[in-house]
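Here is the structure we will look at.
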2 protein chains.
Amino acid sequence: MRPTIRDVAQHAGVSIATVSRALRDSGSVRKDTRARVLEAAEQLNFTPSRLGRQLAERRHAANGIVFPDLSGPYYAEVVLGYEAVAAERERSVLILSTHGRANAEAMVEDLATRCDGMVVMGRTISDDAVERLVSRGMPVVLLARPPIGDIDSVNADNRTSAVALGRHMLAQGARRVAFVGDPAASPDVQERWSGLQDALAEASAKGEATVDLVSVQGFGEETGAAVARRALESRNRRPLPDAFVCANDELALGLMDTLLAADVAVPDRVLVSGWDDVMAARYAGLTTVRQPMRALGGTAARLLDELVTGARTEPRHELLPTELVTRASTSPHPAQK
Amino acid sequence: MRPTIRDVAQHAGVSIATVSRALRDSGSVRKDTRARVLEAAEQLNFTPSRLGRQLAERRHAANGIVFPDLSGPYYAEVVLGYEAVAAERERSVLILSTHGRANAEAMVEDLATRCDGMVVMGRTISDDAVERLVSRGMPVVLLARPPIGDIDSVNADNRTSAVALGRHMLAQGARRVAFVGDPAASPDVQERWSGLQDALAEASAKGEATVDLVSVQGFGEETGAAVARRALESRNRRPLPDAFVCANDELALGLMDTLLAADVAVPDRVLVSGWDDVMAARYAGLTTVRQPMRALGGTAARLLDELVTGARTEPRHELLPTELVTRASTSPHPAQK
DNA sequence: GTTACCGATGTAACCGTTTTCAGAAACCGG
DNA sequence: CCGGTTTCTGAAAACGGTTACATCGGTAAC
């Protein structure tokens, strides 16, 4: 068996209380007593049991984070930003990917029993489930998800960039704009879609532009490719849009690739944009919107820490700026590669 | 205060032992007693304390994973594969990124007190530190890191693909080959470099080929770009190599971009390859080596689980296959874009 | 009508710490 | 040398569960 604090106490000829004090530098312990204790601990190769300590302190010193998935660079970066800040504050990080799992809410409930606070990201569990956690006293920060009541939230400013992107498309001469994505799938997508509509509202009121929703399941390249194929097939019945505004880069890349393979020139015939600015977007010359991914995670970690330590009680909602990055896929004029 | 098992016991008019049995379905409990207990638990909104339970059971039901960083798609995918398998087996996942942190070993020691077993990935902590963990009885699986004694390990087969890549470069007409990367930085890189040397050994013995090491710090695109710039600058003193074999895709992409910007044709003048097959590699037409990233993580999780549950005691070393993916960046002949 | 056994329950020990409280020891000024 | 503080230290009570063991009806077997 592993040595316990009692073994150390006996070995050093003191009580367990003294051992505890000596090891954690709390209370007052005479110098030579402390030395004796440390010596004994050393000899026995003693490490205090985390479980015993946690139970006594009634805290886990760990935070959780729940996200839908980790594929794609987006979530990974956010989680990394989260971990970095959490580690700085001596809190371990428990991760949980709900992925497609059916019992997501149960898994989150389980996670909640293992940490002092948690970040809930995007479309993972229902608002009800979140409120249930909060009502049980669990500190929660929402990430990439609209506020629920007074629960803290951290979001990227989707709307501003969506509007900028819509205007950009108009400026580049687009009249028939299609948005590719499932607004119901994620609040972020919802905002991108509604921001785009706003940007085109005026022009479309004047009959100068139209904006349509191409609703899809999934966020991957294959989904984007499928959208392109469908658009190409029905081309004679319904002309191709002038611009595809996609909910993320993977959709856009898959779509663009398929268009190019069918000899539909991007950007000369069709403009394409994505969202996220993943590495591949740079190499594919894809216009997109950059989000401060690490900062999203880091900010969430900071807010959560404030809640857990009780440093703050009034709710906060952070909106982090995003940046429109225009590249070749929406720049017909300079005709640069 | 949160209700405890004693509150439930009192409320249901039974002893805490019975509550425990009823809630966890262990031992035998009469049907109506169980119902009464469940009812009471429900009413009090009782959730058993994880800490109390863990202490009594003397286990965390959680596994750790230590990795150098999470940026780049590689680690993220591996961690995701790990999480997926761990979650399947009802074990939570604690992550720790050592990143640049100086006190990595201390952080790992700390993590070790919070889980029943852990995966140690790549160049994060010293062999000594790993052995110290193992000697304290902690189940450990090494991932993307060569075996240490009898400690379980999971690795991608770097060597086979490195050899295949070297032969491919020769077949494409390369004579002067440069490897870009720091073999000391990671065991994976070390194997790629030595595999490449093996592939060229015969040709280089006959004086038909040369292979040089361009040692660099870092794994990012900027590092790759810097290598390209240096090579271009010293071009008159020392001609450009025919092929750059890079330790990962980011290096290769940065390097290739800089070459292209300087009007050095890839692949016509110089061949370039990477490693990992990140998404951007596909769009940049980069020849690379694909690793089964999710499977790496998943396999590690499985091995670790076997150790933790004691289902297996003799050590195992898994070598997962990789796949050479040739693309435009090493195919001068078809002259396809 | 015993005896033996079994299922249901309770009692209490235990998991390994932290921390309160109180007493002992050391110190200090007078 | 003595009362009054401080400083150290230990006993014991948490923290919130699990589980070995004992107990007690009740039932089946003989």
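Computed from a predicted model, the values in this text were never measured in an experiment.
Neither OP1 nor OP2 of C/dC15 sits under 4.0 Å from any side-chain N or O of B/R58. For B/R24, a side-chain nitrogen or oxygen approaches OP1 or OP2 of D/dT19 to under 4.0 Å. An OP1 or OP2 oxygen of C/dG10 is reached within less than 4.0 angstrom by a side-chain nitrogen or oxygen of B/S15.
Under the 4.0 Å criterion applied to side-chain N and carboxylate O atoms, B/D7 and B/R2 are not assigned as salt-bridge partners.
Between the NZ atom of B/K31 and the P atom of C/dG7 there is a distance of 16 Å, given to the nearest Å. For A/R59 and C/dT17, the CZ to C1' distance is 14 Å, given to the nearest whole Å. Counting to the nearest Å, the C1' atom of D/dG16 and the CG atom of B/L44 are 15 Å from each other. One interatomic measurement links the two molecules: NE2 of B/H60 to C1' of C/dC15, which rounds to 12 Å at whole-angstrom precision. Note: CD1 (B/I16) to C1' (D/dG16) measures 9 Å, nearest angstrom. For A/R6 and D/dA12, the CZ to P distance is 13 Å, given to the nearest whole Å.
Note on B/S26: nothing from the nucleic acid sits closer than 4.0 angstrom, heavy atoms only. Counting non-hydrogen atoms under 4.0 angstrom, A/L55 reaches a base of the nucleic acid. Counting non-hydrogen atoms under 4.0 angstrom, B/S20 reaches a base of the nucleic acid. Using a 4.0 Å heavy-atom cutoff across all strands shown, B/S28 reaches at least one base atom of the nucleic acid.
Each of C/dT9, D/dC15, C/dT18 was ranked by its minimum atom distance to the side chain of A/E57; first place goes to C/dT18. The side chain of B/R30 lies closest to C/dA8 when the candidates are C/dA8, D/dG16, D/dC8.
Residues B/F46 and B/R21 each lie close to DNA chain D; by heavy-atom proximity, the contact nearer the 5' end of the strand is made by B/F46.
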